[in-house]
Amino acid sequence: MSYSDKIYETAAETFEITCFLFPVDKDEVDGKPEEQTELSTIQTVVEFNGAAKGIIIISPSVSLLSAMAGNMLGIEDPDMKQKEEALCEVANIISGNIAPMFSNDDEICYINPPQLLSNKSNQAGIIEDAEKESARILLNEGTAEIEVYYQIP
């Protein structure tokens with residue numbers, strides 16, 4: 001199984017368990033597909049180091065931001081702070097499960113707290129000459145793109 005497949009599976013399981021959101025095929029999207037697939041300008045970045053060094057960038061769609069926070073908090077109209085906190089919590093869980101995939105012999109990876117970025121062009125911290133893996137997951141209420149830049153010593 002490739003890293004991209006493992007990233008997809010990890011993200012899908014996290015969204016299912018923490019947000020009650022489920023992977024779907026493109027033809028199963030209810031409503032307006034473009035609203036569910038267009039990515040938000042808000043994303044989160046998680047750095048990791050130790051057995052491997054890298055960053056994980058998670059970019060949700062606008063509809064996914066609302067659905068995550070609403071489902072996690074059990075409310076209908078979450079505010080921006082609640083959406084950002086939900087994104088950071090999901091990013092923390094996904095990153096905690098993805099980073100160890102890049103370590104050798106069960107060595108430890110240290111994961112930093114998620115940081116919000118509000119401008120997609122500002123992807124500070126991308127490691128020069130890093131390998132890249134990515135996965136895009138279409139969920140019943142939105143889309144998430146996960147990019148991992150890493151180096152294994």
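Positions are given from 1, in the same order as the sequence printed here.
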I want to check something: taking the side chain as every heavy atom from C-beta on, are [X] and [Y] in contact at a cut-off of under 4.5 Å?
| X | Y | result |
| --- | --- | --- |
| Ile58 | Glu147 | no |
| Phe48 | Ile55 | no |
| Pro23 | Glu16 | yes |

For [X] and [Y], work out which heavy atoms get closest and say how close.
| X | Y | value |
| --- | --- | --- |
| Ser103 | Ala51 | CB-CB, 3.3 Å |
| Lys132 | Tyr150 | N-CE2, 4.3 Å |
| Ile42 | Pro60 | O-CD, 3.2 Å |
| Gln43 | Ser59 | NE2-OG, 2.7 Å |
| Cys109 | Ala99 | SG-O, 3.6 Å |

*Please name all residues satisfying ring pair (Phe, Tyr, Trp, His ring centres under 6.0 Å) with Tyr8, sequence neighbours left out, ordered by chain then number.*
none
Could you measure the distance from the [atom1] atom of [X] to the [atom2] atom of [Y]? Nearest 0.5 Å is fine.
| X | Y | atom1 | atom2 | result |
| --- | --- | --- | --- | --- |
| Ile146 | Thr10 | CD1 | OG1 | 9.0 Å |
| Leu64 | Thr143 | CG | OG1 | 7.5 Å |
| Ile152 | Glu131 | CD1 | CD | 8.0 Å |
| Ile57 | Glu145 | CD1 | CD | 9.0 Å |
| Thr14 | Glu9 | OG1 | CD | 11.5 Å |
| Leu139 | Cys19 | CG | SG | 8.5 Å |

*Report the C-alpha separation of Glu141 and Asn71 in whole Å, then their side-chain angles, then the decisive distance to 0.1 Å, and conclude whether the side-chain contact (heavy atoms from CB on, under 4.5 Å) test is met.*
CA-CA 11 Å; Glu141 294 192 49; Asn71 289 358; 4.2 Å; yes
*Output, in order, the C-alpha distance, side-chain angles, deciding distance and verdict of side-chain contact (heavy atoms from CB on, under 4.5 Å) for Leu21 and Met68.*
CA-CA 8 Å; Leu21 297 168; Met68 285 188 322; 3.9 Å; yes
*asked:* Please tell me whether Glu133 and Ser4 have a donor and an acceptor in their side chains that are separated by less than 3.5 angstrom.
replied: yes
*Inspect the surroundings of CD in Glu107 and state if more than 12 heavy atoms from other residues, nucleotides or ligands are less than 6.0 Å away.*
yes
*Sequence neighbours left out, what passes side-chain hydrogen bond (donor to acceptor under 3.5 Å, both in side chains) with Asn49? Give chain and number order.*
none
Under 3.5 Å, which donor-acceptor pairs link side chains of residues 82-95 to any protein atom two or more places apart or in another chain?
| unit_1 | atom_1 | unit_2 | atom_2 | d |
| --- | --- | --- | --- | --- |
| Gln82 | OE1 | Asp79 | N | 2.8 |
| Lys83 | NZ | Ser66 | OG | 3.2 |
| Ser95 | OG | Ala91 | O | 2.8 |

*Could you tell me how the ring of Tyr3 sits relative to the ring of Phe102: parallel (under 30°), tilted (30 to 60°) or perpendicular (over 60°)?*
tilted
*State whether the side chain of Asn140 and the backbone N or O of Phe22 hold a donor-acceptor pair below 3.5 Å, judged by distance alone.*
yes
*Report yes or no: do Leu73 and Leu116 belong to one cluster of Ile/Leu/Val/Met/Phe/Trp/Tyr joined by side chain heavy-atom distances under 4.5 Å?*
no
